[in-house]
Structures are given as C-alpha cells and as structure tokens.
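Each remark here refers to the structure printed beneath this line.
We use all heavy atoms of the structure for the numbers below, so side chains are in, but hydrogens, waters and symmetry mates are not. In what follows, every chain begins at residue 1, and chains take the letters A, B, ... in the order their sequences are listed.
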Number of protein chains: 2
Amino acid sequence: MVTMRDVSRAAGVSSATVSRVLTGSAEVDPATRQRVLDAVRQLDYRPNLVARGLRRQVSQVLALVVTDIENPFYTAVCRGVEDAARLKGYSVILCNADRDIDKEREYLRVVADQNASGVVISPASAQNTDIGALVARGIPVVAVDMPLEQAAGSVLVDNRAAAAMATRHLLAGGARRIACITGPSDNATASDRLDGYMRALHEAGRPVDPELAIYSNYRESGGYEATNRLMDLADRPDALLVTNNRMIVGTLRALQSRGVSIPDDVNVVSFDELPWALELHPHLSMVRQPGYLIGQKAAELLIERLASPTTPQHIVMEAELIAKDGRARTPSSAI
Amino acid sequence: MVTMRDVSRAAGVSSATVSRVLTGSAEVDPATRQRVLDAVRQLDYRPNLVARGLRRQVSQVLALVVTDIENPFYTAVCRGVEDAARLKGYSVILCNADRDIDKEREYLRVVADQNASGVVISPASAQNTDIGALVARGIPVVAVDMPLEQAAGSVLVDNRAAAAMATRHLLAGGARRIACITGPSDNATASDRLDGYMRALHEAGRPVDPELAIYSNYRESGGYEATNRLMDLADRPDALLVTNNRMIVGTLRALQSRGVSIPDDVNVVSFDELPWALELHPHLSMVRQPGYLIGQKAAELLIERLASPTTPQHIVMEAELIAKDGRARTPSSAI
DNA sequence: TTGTAGGCGTTATCAA
DNA sequence: TTGATAACGCCTACAA
C-alpha cells in the first residue's frame, strides 16, 4: 500500500506538506505543490480513509436504516439517499432493519461504533425506536416516513391529506360504502392514513361505519384476511382504501379468488408505489409517495446539518394520486 | 466518547489488559477480567471500529456493488448479502452503480480506500469492469450475475439452461414462431440467454429466424421498441421470450397499446422476478432467479475466503420456471 | 498474568 | 512556506 510517507519521500518533502497539498488546508509553494502532485500521480496514491477518519474523528459515511429493502417505496428512498450522498462525497452503509426493533437497535449501535457522520432512518416504530445513543454521540439523525422524537430533522409525507384525497377520489367515482384497511394501530403512518379517510367521509357528510375501518398489519396476509372479512359482510363495501403496498397484494389475491372485479364490483385505491406493476393493472388507482425525493432531501438535510448545526428541520411532502381512469395527476393540496 | 483508556482506569489496569479481555487474545486473571467487564458495562464502553480497523488493517465491512438497486432481482440479492453479512458480524456498504461503468469504477476506488474486507459485485460489464485495484490490494471480490476475470469467486445462474427451459415451455404450449428480445450483445448474460433460446430451437428441429432474435438494451424503452418491431413483421411471432424484467414492462405496454392479448395472440415468458406483480398478471410466465440465495452464497463465499484463502470458487445455480398455466415449478436441469 | 511502548496513516499544532 | 512532533483509539511484541 502506498502511504503519504511514500509520496513525501518521492517528492522530497515532509508528509505534512503532502497533507497540506491534498487537503488544501494551507498555502504551499506552487513548485513544491507540483512536485507533490506529480508524486501522487506517479505512485497512484490514495489517502487511507480509515486513518483519516480516526484522525479527523469524522468519516465520510452515512448510514441508511430502512424498514424493508424489498419494498419498492424504500428502494426509491434508498436511491435518493445514495445519489445525494455520492454527490457530496459520502458513502452509504445500508442497514435493513426488517421491521424488527431489535435488529434496528443493533444496527444503530454498530453504525455509531463505526463513527458514521449521520443517519437516515425509516423508524420501525415512532415510540420504540431509540436513537439516544446516536444523539449522545452527536450523530445527527433524519427520520423519513415516520416522525421521531429526538431527530435532527425529518422528511415526511402528509399522510392524512393523502388518504383524504384517495377517499374523495372514491367518493367522486360514486362509491357509497368505502372501507379502509390500514396498518397497526400503534403505527403513526397507519393511523394518520385512517384519520384522513375518516376526515374525508365526515367532510362529505357520510357516516363512518366502524365495521369498515380495519387495523391490520401492513403485510400481505393482513390485506388478504381483512379483505375477506369485508367481503363477507352482509352489507359489503363497494370501495376499498388499502394503505400500503404489501397489503394490496393480499387484497388483490382475495378479490381474485372470489371473482370480485375491479372496478365494477369494488373500486380500489392502493397506497405506495408498485412501480413495475403500474402497466399491468389498468384499474388500480394508487397514492404515490415521492420516495426518491424523500431520500434525496433527507440526505441533503443531513449533510447540511453536518456542515452547520441548525435547529431541527422538518419537511412535509405531498403524495400524488394516480387515478386509473386517466385523470391528470393532482397534488393533494389541490383537492 | 468512552475509550479503552477510560475503562482501564476505572478497572485499575492497563489498556492492554482491557484489550486482552475484550478480544480474548490472551489469558487474563479471572478476577481482573471481571473488574474489566464490570467497568465496560458501567461505562457502556464500545470499541471504536475505526481505530480498530486502522490498527488491524481489516474492517468488518463488506461492499456490495449492484447494477440497479430498483430492480427487484438485485434487491433480493442485496437482502441475501445483507443477512449473511450481519450473521457474521459484517456491515455492508451499498453502492448503486446504475449500469454506469464510470460510476462503478469510482465506487470501487472508494471502497478500496475505505479498506473494505471484501466486495460482492454484479459487474456492469464482464469485459470493462476492472477490479485490478482491489485484487492488488488483496481485497477479494465475488461476482454475481456475471462472471469476472480476476474474481476470487462467483455465484452465477445457468442462463443458457434457463433460456432454453423457457423456450421449451413456449414450444410445448404450441408456439410456432418464437421471438427473443435480449440485452446488449456485449453483455454476457444477454448473449447466454439468447444462446439458450437458439439451442432449444435447434434441439426441437425448428428454424432460427434472424429477424426474431433482437439485441436490445435491457431497458423498458428497448422492450417497447423491439416488441413493436416484431409485431410489425409480415409474419408475426406468436410467442416472445423477453430476457429481463425491465424490458418486459415495455413489451407489455406495447402489446397493450396494440390490443394484442396474452396468451391468446402471443404467449410471453419474462425473465427475472417482478415479485409484486406476480398476482396481477395471470397469464405471464417467468423465469425466476434465486436472488436472495445468490446474495447469501456470495457473501458466505467472501467471508469464508477472508478466513482462509482458497482457490477461486464458482457456484452455478439454477433458475426456475414459473408457468402461468399452473404447472409445477421445475428446476432447469430436469428438462 | 500484566504493563510499557510503539505504530497503524493521517492531520493539527507549534516552531523555525 | 515548511518540518518535526504528537495524537486520534486500538492492538501486539516484548519485557517484567
């Protein structure tokens, strides 16, 4: 391995001077400077980032802790973080917490031990995710998808508005009994989405039937069961709002096995992107969150903060409705 | 931050002893040992991995360089690598090369500078991807999805067999003119798949019409154009083999816009998984590669090699055909 | 069994 | 403008 010492010898200077040239931390005589650069090129020297990290006490590494890397929404977030980080010279350590609070905690520890400069996280839980250790070490955290108490920032989507928009879309399409299948009751985004659904019904002067509001588990199995339960009701719903992309797969399977057709028998709006399936199902509307943008913004926020500590900054983005009937895409605020 | 020195003072020993206790590198008197452990607990000490990495000259970090993190196949690989690495106490740096050879090269440099212990890579190109710098530094590389000259190992799929299997499936379904849309001609997997397609045709005593074998770009746009071109032929194909999951989206869109129905007008087999769309399209068969397993094996291979340098090890896995008509899943070797 | 001392490769401080 | 020197936190000869 080529070290700075090798370069300094080749250029006939001290390693301090080499360091100065490479980091630009002080003035160096142009001639000396050139000799150093030549030696660097000659030897193909590259600074050892581990040594630099130890000395400077900061690495050029961010950590990204996601809930589920196989979920296209988080994948998009991931790309956004990745691109923004790369642009600023940061690398990204990927941690897939898998909705497991213990795994998440373990990852946060390791990331702290590795002296990551900052962390972007989609928390497993708004209550139980504990970033205290990071905060204590002065490692800033930006939350996405779900708010987090001590976070230095957050990039969230207005889930209430998004769910309300979806509900209004169903109403406008003529739905009379709309059901909502949402996530666990202790999940912040799940209850926000349910809340938006209810709000839209109230606004429209429609009754809210408790039978039609189901807390499920954000998993395919939950979507499947909840849908079957709804379809077994004496007074069936004629529209479904399903608040995440894993459950919608279960919902579709249940409807398919029962021979229930979309949108003739029930109209359906899904949440989150199923990007590659978009073309395949001509009758499934969905609420799309700007995953890439969220990730990008989150990383930028984090890196900004590293440069100059500021007060926590919270960004709220809007989801868009992709209506299957070919209507124009509409930001949620416009409805 | 709590250092080893702090622990040593609290326990009334030297930091060397603390190190010995924590790494188990030498015998320590049980009583002393206990005092050290107590101090560690008391202070909530955690070793600084950067310092350790500098001293030991090896980090507990692997790098994963993938072609396209938004592609469900690579996402599955990613999870496999991640899980296997975590199990062995390694972290994973994620690098999304985006099919860009320059971006890939840049990432490989950074990863080397960060002293990663090893690299799992899905190369952007079998010819142009250059891992020389890593090899020179003694950083082992395991290739997935595509073979790589100097790699310390590889985990690949038998693409010829897989494409042949898919082609036979179409033949068995009564197809008479089968077209194949594959990736760039300089892409190893793309030409392997085309090769398998041709081989199956030969074996069946069918002519190979050059008009029906199209090199495209592995992107949605390519699938769209190629499909349109094929459908414009005077003597249209009645079956399509599309060799990756991005192009299939373009194919489906083209077919849809022309009102061509699957499988009545043309039968279609796709490559790679579109996992979340599986439920949605009842008539689309596909060849599925075991992404998770590939990633897992690759990481295990890498970590094994770190423990004891061996000769390069190459693993070939089989794809499975998921036939839409409800036939049993069949490993490619059985056909 | 334990401690001392030195070094991993870089950078920051201080003198010259 | 440049060079010695020390230090980041850890590990490992070597000595005691």
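Non-hydrogen atoms lying under 4.0 Å from DNA chain D are contributed by M4(B), all within residues 4-12 of chain B.
Figure legend: cation-pi geometry between R86(B) and Y107(A), with NZ or CZ positioned under 6.0 Å from the six-membered ring centre and within 45° of its axis.
Per the geometry, CG belonging to D113(B) stands 13 Å off C1' belonging to dG9(C), to the nearest Å. As rounded to whole Å, 11 Å separates atom C1' of dG9(D) from atom CZ of R52(B). For R35(B) and dG3(C), the CZ to P distance is 8 Å, given to the nearest whole Å. The distance between atom CD of Q34(A) and atom P of dT2(D), rounded to the nearest whole Å, is 13 Å. Between the CG atom of N115(A) and the C1' atom of dC8(D) there is a distance of 10 Å, rounded to whole Å. Between the CZ atom of R46(B) and the P atom of dC10(D) there is a distance of 12 Å, rounded to whole Å.
Using a 4.0 Å heavy-atom criterion, one finds that V13(B) contacts the sugar-phosphate atoms exclusively.
Side chain of S14(A), nearest nucleotide from dG3(D), dG9(D), dG9(C): dG3(D). Closest to the V28(A) side chain, of the nucleotides dT2(D), dT11(C), dC10(D), is dT2(D).
No side-chain heavy atom of R33(B) sits under 4.5 Å from any side-chain heavy atom of R20(B). Side-chain contact between T32(A) and V13(A) is present, with heavy atoms from C-beta onward closer than 4.5 Å.
Heavy atoms of other residues, nucleotides or ligands lying less than 6.0 angstrom from CZ of R46(A) number more than 12.
A sub-4.0 Å separation between OP1 or OP2 of dG9(C) and a side-chain N or O of Q57(B) is present. Note on T17(A): every side-chain N or O is 4.0 Å or more away from OP1 and OP2 of dT2(D).
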N/O to N/O distances under 3.5 Å, protein versus nucleotides 12-15 of chain D:
| residue | atom | partner | partner atom | Å |
| --- | --- | --- | --- | --- |
| dT12(D) | O4' | R55(B) | NH2 | 3.4 |

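A donor-acceptor contact under 3.5 angstrom links the side chains of D272(B) and Q289(B), judged on distance only. One side chain, T189(B) or Y218(B), offers a donor N or O that lies under 3.5 Å from an acceptor on the other. No side-chain donor-acceptor contact under 3.5 Å links S14(B) and S8(B).
DNA chain C is contacted by both L54(A) and R33(B); R33(B) maps to the nucleotide lying nearer its 5′ end (nearest heavy atom per residue).
A distance of 6.5 Å separates CZ in R56(A) from OG1 in T23(A), rounded to the nearest 0.5 Å.
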Would you check, one step at a time, whether the test salt bridge (charged side-chain N to carboxylate O under 4.0 Å, His left out) holds for R105(B) with D102(B)? CA-CA 5 Å; R105(B) 180 181 19 251; D102(B) 295 321; 2.5 Å; yes

Stepwise salt bridge (charged side-chain N to carboxylate O under 4.0 Å, His left out) test for D113(A) and R109(A): CA-CA 6 Å; D113(A) 295 344; R109(A) 289 188 151 233; over 6 Å; no

Secondary structure string for DNA chain D (Watson-Crick or G-U under 3.5 angstrom, | for other-strand pairs): ||||||||||||||||

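Of all heavy-atom pairs between M317(B) and P290(B), the closest is SD-CG, 3.9 Å.
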